[in-house]
Number of protein chains: 2
Amino acid sequence: MKPTDTKQKIMDTAEHLFARDGYRGTSLRAITGKAGVNLAAVNYHFGSKTSLLETVIRRRILPLNQIRKKRLEQLRENARKKKKTPDIKDVLTAFIEPTLLFMESSPGAKNFIAFIGRSFTGPDDTVRKVFMRFIKPMFYLLFEAACDSLPNQPQETIFWRLHFTMGALFHTMQLSGNVDIGPKNLHADINAKSLINHIIPYITAGMKAR
Amino acid sequence: MKPTDTKQKIMDTAEHLFARDGYRGTSLRAITGKAGVNLAAVNYHFGSKTSLLETVIRRRILPLNQIRKKRLEQLRENARKKKKTPDIKDVLTAFIEPTLLFMESSPGAKNFIAFIGRSFTGPDDTVRKVFMRFIKPMFYLLFEAACDSLPNQPQETIFWRLHFTMGALFHTMQLSGNVDIGPKNLHADINAKSLINHIIPYITAGMKAR
DNA sequence: GTCTATAGATTGATAGAC
DNA sequence: GTCTATCAATCTATAGAC
């Protein structure tokens with residue numbers, strides 16, 4: 001087995017188990033056992049459990065953030081050219097569509113999306129801090145774009161409504177993944193396209209309310 | 001110290017720490033240490049950590065569910081009398097207002113509300129199963145009432161939109177509590193009335209969309 | 001009912017042979 | 001790079017004196 005294989009296997013398995021059982025609920029022994037590698041390999045390749053977590057997160061979130069950023073910037077650029085404010089629906093779509101589509105880019109990505117959804121709300125400081133670091137800048141980009149789109153709404157209102165939107169999104173993201181999570185069986189077909197078609201009209205109406 | 005005091009202290013402290021650090025992240029030593037009681041007292045009074053969790057949850061959720069149920073039933077009864085369908089805004093308010101107002105009924109309740117918000121999405125089977133058992137019947141009541149209010153929407157759409165609504169609600173609930181959770185500092189004043197005023201228009205518009 | 005002491009299991013991390 | 005063996009810490013739970 002090539003060294004890269006071992007490293008990769010650990011990351012993929014960790015991603016899967018973190019999504020299913022949480023960071024705290026996943027022991028290094030569970031990861032290495034399922035991955036079929038030696039326990040000591042984790043600390044050899046990653047140094048520590050925390051470092052493994054960070055690597056797992058970084059691997060997926062950097063490319064994802066790049067796509068989201070690009071789409072938001074494109075949207076504002078187009079609007080500037082036409083001298084119009086961007087439509088709030090388009091702003092929300094630019095942020096959410098890549099996020100949910102991303103889960104179909106690979107089976108592992110599905111787990112990762114579920115992991116984000118659960119972690120952002122979770123009580124685990126270690127996990128949330130890592131995610132926060134990567135997601136906060138994206139949220140501010142989204143906030144700015146939303147303010148452009150809704151110039152008549154007070155910023156506090158926009159902030160709260162984006163907060164609700166994130167809640168709806170995260171709660172939806174944690175339904176994805178191969179892992180058997182709570183109420184998943186109630187939703188027969190969870191695919192990105194269907195999720196997008198359901199969530200976009202809801203949050204668009206919510207952002208525009210009154 | 002009276003025996004009831006010890007029991008009460010354990011429950012209050014557990015509620016606080018469960019909300020802040022999660023069920024898994026809270027050890028019995030942390031609870032008894034902060035409560036100023038002996039470690040063995042937990043197993044004497046409650047039998048096990050799981051049983052303590054269940055007692056902590058049951059204590060708050062039974063009265064809360066009773067209020068929510070009463071308000072939903074009252075609403076449907078009134079609508080029946082007037083031979084009108086209940087307004088979806090009133091339905092959502094009947095469910096959400098008691099939930100968020102509840103957090104101001106006592107300092108402990110605040111922690112509890114935060115705990116619900118975090119647990120429902122969390123990866124911990126032990127916690128989610130207990131909550132599910134209590135919350136599922138309430139969700140079905142809400143679902144029925146929402147279907148009455150929106151007779152022109154397909155049930156699948158209503159189901160998904162209630163899912164998003166729960167996501168927004170849970171994400172908001174976890175901001176409450178005395179505990180210092182992530183982005184709390186961004187929200188200067190978190191009080192039930194303000195939260196209600198922000199969330200009701202958002203989710204009402206979302207449920208009605210298109 | 002409350003305490004000390006400890007059993008019994010699991011954890012992340014590491015030392016050292018190969 | 002991979003393995004075995006193990007350390008030191010932590011956990012829930014319990015036995016038994018008072």
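So that the names make sense, note that chain A is the first sequence line, chain B the second, and so on, each numbered from 1. Heavy-atom basis, side chains included; hydrogens, waters and symmetry copies ignored.
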Check the distance between [N]'s [atom2] and [X]'s [atom1] and give it to me in whole angstrom.
X: B:Lys9; N: C:dT2; atom1: NZ; atom2: P; value: 12 Å
X: B:His45; N: C:dC3; atom1: NE2; atom2: C1'; value: 12 Å
X: A:Asp21; N: C:dT11; atom1: CG; atom2: C1'; value: 15 Å
X: A:Phe46; N: C:dG12; atom1: CZ; atom2: C1'; value: 15 Å
X: A:Asn38; N: D:dT2; atom1: CG; atom2: P; value: 9 Å

Query raised in the report: Would a 4.5 Å heavy-atom cut-off, applied to side chains only, mark B:Phe115 and B:Met173 as touching?
Result: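 SC-SC contact between B:Phe115 and B:Met173 ruled out.
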
Report task. Could you note down all residue pairs passing salt bridge (charged side-chain N to carboxylate O under 4.0 Å, His left out) where residues 57-66 of chain B supplies at least one of them, sequence neighbours left out? Result ->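 Qualifying pairs: B:Asp12-B:Arg59, B:Glu15-B:Arg59, B:Glu15-B:Arg60, B:Glu54-B:Arg58.
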
**Report entry** B:Thr6 vs C:dT2: side-chain N/O to OP1/OP2 distance below 4.0 Å
**Finding:**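 Result: yes.
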
Query raised in the report: Are OP1 or OP2 of C:dT10 and a side-chain N or O of A:Ser27 less than 4.0 angstrom apart?
Result: no

Query raised in the report: So what does A:Ser51 hit on the nucleic acid, given a heavy-atom distance under 4.0 Å: a base, only sugar-phosphate, or nothing?
Result: nothing

Got a sec, which residues hit side chain to side chain donor-acceptor pair (under 3.5 Å) with [X], two or more places apart in sequence or on another chain?
X: A:Arg76; result: A:Glu144, A:Asp148
X: A:Ser119; result: none
X: B:Thr99; result: B:Arg68

Would you tabulate the nitrogen or oxygen pairs shorter than 3.5 Å linking the protein to nucleotides 13-16 of chain D?
unit_1: D:dA13; atom_1: OP2; unit_2: B:Lys49; atom_2: N; d: 2.9

Query raised in the report: Looking at residues at least two apart in the chain, or sitting in another chain, which of them share a ring-ring contact (aromatic ring centres under 6.0 Å, His included) with A:Phe102?
Result: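 Checked A:Phe102 against ring-ring contact (aromatic ring centres under 6.0 Å, His included); zero matches.
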
